[in-house]
Amino acid sequence: MKRLTILGSTGSIGRNALDIISHHRDQFRVVVLTAGCNIDLLEKQIKFFSPEVVAVADEVAAKELQKRIGKHHAPHVLSGAHGVAEAASYGDSDFVLSAIVGAAGLVPTITAIRSKKTIGLANKEALVMAGKVMTDEAKKYGVRILPVDSEHSAVLQCIERHRESDVRRIILTASGGAFAGKSLDELNNVTPEDALKHPNWSMGKKITIDSATLMNKGLEVIEAHYLFGIEPERIDVLIHPQSIVHSIVEFNDRSCIAQLSLPDMKGPIAYALSYPERLDDVIQGLDLDKIESLTFKKPDHECFPCLSYAYMALKADGTMPSVLNAANEVAVDAFLKGMLRFTEIPLVIRKTIDQHVVSSHTGIDDVIEADRWARKKAEEVIKSLKS
Ligand code: NAD
Ligand code: MG
C-alpha cells in the first residue's frame with residue numbers, strides 16, 4: 001500500500017489524482033491533504049479519504065475548518081505556509097504529489113525531498129526557480145522526482161531503458177493554447193475569458209494563461225533541462241494542435257520515440273503514482289483511425305516571445321529563472337484581474353529580466369530573494385505602463 005500526500009488537493013491536478021486514487025483504494029492510502037483556502041472542497045475530501053493530517057495555507061480558513069471538523073477527531077489540522085511545509089514532511093507518507101500552483105509550492109516540495117519522499121512533480125514553477133537545489137538535494141537524499149507534466153511524463157516513458165549518451169534531442173510538443181495562429185493585432189484585444197478557453201486541456205487558471213502566452217512551454221523547457229540533464233540547445237518545441245503526441249525523443253541513430261494518448265492529465269498523474277507499474281484503463285483509449293491528422297509546426301516567436309525569454313533565462317542561469325517565473329506570476333495575475341493587456345504580459349517579463357543582475361548563488365534563500373526582487377520590480381513595471 002502506497003501512502004500518499006497530496007499538496008494542492010483542491011486544484012485541478014489534486015482533484016484528478018484523488019479521482020484516480022478513489023478507484024484504486026486497495027493500492028493507495030491518502031494520509032495528507034493540503035489546500036490554499038477552499039475548505040468546502042477539502043472538507044468533502046477529508047470525509048471521503050480520512051487523512052491523518054491536513055494543512056490549509058490561509059490561516060482564517062484553517063480555523064474555520066478546525067471548527068467544522070471539531071478538535072477531537074482526526075485529522076490533525078495545520079495552518080499557514082509553515083503548516084503546509086510541515087504537512088509535506090509528515091513522516092508516515094511515501095509519496096508526495098507536488099501540485100500547488102506557483103512559487104508557493106517551492107518550500108513544501110524541497111521539504112518533502114529533504115524528508116526522503118518520492119516526488120510526483122506537477123509544480124513546475126518550483127523546479128524552474130530552484131532546479132539546481134532541487135536536483136542536488138534529490139541526489140543527496142536518494143529521492144526520485146517523477147514528472148507529472150504530460151510532456152515530461154512522455155519523455156520519461158520514451159527515454160527509459162536507453163542510455164543518456166544515446167539521446168540526441170528532446171522535442172516538447174505544445175497545443176499552442178487558446179490563441180495559436182492569431183496576429184499581434186488580434187492578441188492585443190483578447191480578454192481573460194478568451195484566454196481561459198483552452199482548446200484541449202481543462203486546467204487551473206494560471207497554467208491556462210501560461211499556455212496561451214507559450215510561457216508554459218518555456219517553463220517546461222527549463223523543467224526538462226533539470227529533469228533530464230539536457231542542455232537547452234538540445235530541447236526543441238513544436239506546436240501540435242491535436243495534443244495527441246505528448247513529446248518525442250530523438251536518438252543518435254535519428255530514430256524517434258513518441259508517446260501518444262488522448263489529452264487527459266489522469267494519464268501522466270497515474271503513471272507517476274503507480275511508477276514503475278501501470279494501472280489499468282486510467283484514460284479513454286486512443287482511436288487513431290478517428291483522428292484525421294497529426295500536425296506539427298514551429299512556434300511563432302514574434303507573437304509569443306515568452307518562450308524565447310525562457311531560453312534566455314535558462315542560458316543566463318543562476319537566479320534568472322526564478323526572476324522569469326516571478327515576473328510571469330505577477331503579470332498573469334494582473335492580466336486575470338483586468339489590469340494588463342495580454343500582449344503586455346511578455347513586456348512586463350522582458351523589462352523585469354532585463355533589469356536583473358544575475359547572481360550565480362542558487363541556494364534556496366538566493367532564489368527566494370530573487371523571486372521577491374522580481375515581484376517588486378514587475379509591479380513597478382506594471383505601474384509605469386499604466387501611468
Ligand atoms: P489549480 O489552481 O487548479 O490548483 C492549485 C492548488 O494549489 C489548489 O489546491 C490551491 O488551493 C493550492 N494553492 C494555491 N495557492 C497556494 C498557497 N499559497 N499555498 C498552498 N497552496 C496553495 O492549479 P493546477 O492547474 O492544478 O496546477 C497545479 C500545478 O500543476 C501548477 O504548477 C501547474 O503548472 C502544474 N500542472 C498542471 C496541469 C493541469 O492540467 N492542471 C498540467 C501540468 C502541470
Ligand atoms: Mg505540460
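Counting convention: from 1, in listed order, for ligands and their atoms alike. Since we're looking at a predicted model, the values are computed, not measured.
Of the protein's heavy atoms, none falls inside 4.0 Å of atom 15 (N) of ligand 1.
Within Glu151, the N, O or S atom at minimum distance from the Mg ion (ligand 2) carries the name OE1. Glu220 contributes OE2 as its N, O or S atom closest to the Mg ion (ligand 2). Residue Asp149 approaches the Mg ion (ligand 2) most closely through its N/O/S atom OD1.
Here the shortest heavy-atom distance to atom 1 (P) of ligand 1, taken over Ser211, Pro108, Gly11, Ala99, belongs to Gly11. The closest heavy-atom contact to atom 29 (C) of ligand 1, among the options Val107, Thr208, Ile100, Val148, comes from Ile100.
Using 4.0 Å as the threshold, Asn38 has no heavy atom nearer than that to any atom of ligand 1. Using a 4.0 Å cutoff on heavy atoms, Ala35 counts as a contact of ligand 1.
Counting the atoms of ligand 1 from 1 in the order shown, those under 4.0 Å from a heavy atom of Gly204 are 3 (O), 25 (O), 41 (N). Close approach of ligand 1 to Ile13 (heavy-atom distance below 4.0 Å) involves ligand atoms 26 (O), 30 (O), 37 (C), 38 (C), 39 (C), 40 (O), 41 (N), 42 (C).
For Lys124, heavy-atom contacts with ligand 1 shorter than 4.0 Å involve the backbone as well as the side chain.
Ring orientation note: the planes of His356 and Trp373 are tilted relative to one another, at an angle of 30° to 60°.
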